[in-house]
Colleague: 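One structure follows; several queries about it will come next.
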Amino acid sequence: MKSVSTRENRPNRPNRAARAASVARAALCGLVSGYVALAVAELIAVAVRPEAGPLTAVGGAVVDRTPAPVKEWAIRQFGTDDKLVLRLGILAVLALFAALVGVLAQRRRRAASLAVLAFGLVGALAATERPDSDSALDAVPSLCGALVGAGALYVLSGLLAYEAGRPGDPAPRGPGRRGFLLAAGAVTAAATGLGFLSRRLNDTTAADAAASRAAVRLPAPASPAPALPRGVDLKVPDLSPFTTRNERFYRVDTALTVPRLDAARWRLRVHGEGVTTPLDLDFQNLLGRALIERDITLTCVSNEVGGPYVSSARWLGVPLRELLEEAGVRPPSRGGPADQLVARSVDGMTIGTPVEAVMDGRDAMLAVGMNGTPLPFAHGFPVRMLVPGLYGYVSACKWIRDIELTTFDAYDAYWVRRGWAAEAPIRTQSRIDTPRPFARPKAGRVTVAGVAWAQHRGIERVEVRVDDGAWQDADLAAEGPLDTWRQWSWQWPATSGGHTLQVRATDHTGHTQTAHRTGPAPAGADGRHTVVVNVA
Ligand SMILES: Nc1nc2c(c(=O)[nH]1)N[C@H]1C(S)=C(S)[C@@H](COP(=O)(O)O)O[C@H]1N2
Ligand SMILES: [Mo]
């Protein structure tokens with residue numbers, strides 16, 4: 001071991017601490033360059049198209065390629081924060097890469113700068129490959145950012161190498177550490193300034209969108225919602241209200257940032273197979289039509305048995321069938337060539353719906369209003385699609401911008417490409433809202449209550465049982481429209497001890513929920529909701 005200690009003691013070898021410090025400076029050099037690259041790219045994206053910024057584009061590409069089970073895990077794990085977690089993850093990977101490139105630049109400046117350019121290329125590809133991109137311009141933000149980043153890295157690492165001296169060089173001279181730190185500080189300050197600038201510009205866009213939403217005056221419906229019978233709402237504590245408030249309405253989408261559109265600039269195209277008169281409509285055109293108002297319960301295919309992704313609202317919109325007829329579309333049953341309607345959103349979602357379902361007389365609509373207000377941004381402002389009876393991923397395109405008539409043979413929409421069913425009517429389901437799992441009610445009369453849904457078929461009967469005992473008929477709330485859920489309640493003479501409550505619904509077609517349990521993929525969860533409680 002003697003030789004080792006002599007080596008370490010050789011005076012012209014930097015000691016460990018000094019070496020660590022120089023690696024840290026090299027990493028810092030990379031981080032600063034990465035930071036300015038990102039700032040430049042995001043600022044240019046504000047002008048080109050916000051979704052073409054590298055963070056959103058790469059994030060979107062990651063979401064698109066994430067296997068469904070991982071996606072579901074992420075949603076379960078992080079809920080609506082899943083997108084924030086994804087962003088932080090991407091930033092962490094970028095930072096790591098930038099630091100490594102900084103260290104590489106100490107030995108191979110040119111290779112490191114090229115690596116930055118290559119990363120920019122990845123961002124540019126992600127932006128242009130996204131389904132919502134229809135212009136090569138989307139590559140510009142990432143490419144410009146990478147150019148600036150590569151330049152910054154070249155200059156900064158040059159200063160740093162100059163300061164540290166090459167192996168065998170005489171002692172460092174020239175601007176040295178101060179020069180590097182000054183330059184790095186200046187670049188960081190500039191990048192932060194650019195960041196604030198893009199934030200300001202983005203806020204202005206968001207403010208424009210908010211102003212455009214605030215300016216919307218929803219017309220009165222030509223066909224108002226049928227009056228709800230008294231007693232659709234049992235008003236039991238903890239039972240989901242018949243109409244879900246907008247702020248409480250579940251939200252499921254892949255959007256990393258909620259699109260904030262300006263209604264004045266919104267347009268919708270209707271085109272494709274069997275369309276004799278292509279349409280190109282603006283928002284005012286929609287508002288000028290005879291609008292219908294309907295209560296409709298929406299459900300997500302990802303909802304687990306007993307899960308929260310089901311809500312009900314009073315929607316206002318244009319009957320989609322009338323629009324399609326105006327475009328010359330005939331359903332397959334009347335000889336039309338297209339059996340699939342593909343809706344596209346501004347954020348690249350594609351949703352495929354059977355043309356037959358849209359035109360069979362149900363209240364399929366392009367919705368502009370939700371519970372008396374313009375659509376909230378998170379729920380699709382200015383216009384979204386709704387087709388009663390079908391899960392959201394095959395019917396409810398938010399931020400819609402394009403409708404294409406095609407066939408199921410010719411085209412697979414976003415979730416279908418990821419293994420979900422191409423056609424997915426909502427399954428008959430029921431849920432116990434109260435008591436909550438592991439509640440500790442007192443022995444005696446306990447109110448068990450919940451909701452049941454079988455949109456477009458309607459709920460005929462709900463039964464409850466305790467601990468595999470006999471099924472008991474629950475009291476049904478008054479029945480609303482066929483496309484809405486139905487509340488139910490049951491008075492339980494509860495005895496103390498642990499008990500399992502189970503519910504099952506029967507729809508108007510006579511179908512009763514079975515015990516057969518499946519997960520959400522590929523066509524919606526099946527099985528009965530059970531809740532375990534401990535009666536005191
Ligand atoms: N543009 C867009 N529309 C979309 C989605 C999406 O990810 N992007 N998700 C769909 C799914 S899976 C569901 S269940 C419904 C949910 O609508 P909500 O968020 O208003 O409840 O929107 C549908 N429309
Ligand atoms: Mo969904």
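FYI, the numbering just counts along the sequence from 1. Atoms within each ligand, like the ligands themselves, are counted from 1 in listed order. Computed over heavy atoms, backbone and side chain alike; hydrogens, waters and symmetry mates excluded.
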Colleague: Do the ring planes of F249 and W315 sit parallel (below 30°), tilted (30 to 60°) or perpendicular (above 60°)?
Modeller: perpendicular
Colleague: Determine the interplanar angle of the Y309 and Y250 rings, folded into 0 to 90°, and report it as parallel if under 30°, tilted if 30 to 60°, perpendicular if over 60°.
Modeller: tilted
Colleague: Taking non-hydrogen atoms within less than 4.0 Å of ligand 1, which protein residues qualify?
Modeller: F249, Y250, R251, V252, D253, T254, L298, C300, S345, D347, M349, I351, H379, R384, G392, Y393, A396, C397, K398, W399
Colleague: Taking 4.0 angstrom as the limit, do R269 and D402 come out as a salt bridge?
Modeller: yes
Colleague: Between D483 and R294, does any side-chain N to carboxylate O distance fall below 4.0 Å?
Modeller: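 Here D483 does not pair with R294 in a salt bridge, since their nearest N and O are not under 4.0 Å apart.
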Colleague: Distance check, rounded to the nearest 0.5 Å: R289 atom CZ versus E322 atom CD?
Modeller: 8.5 Å
Colleague: Are R418 and Y414 in a cation-pi setup, meaning NZ or CZ lies under 6.0 angstrom from the ring centre and within 45 degrees of the ring axis?
Modeller: yes
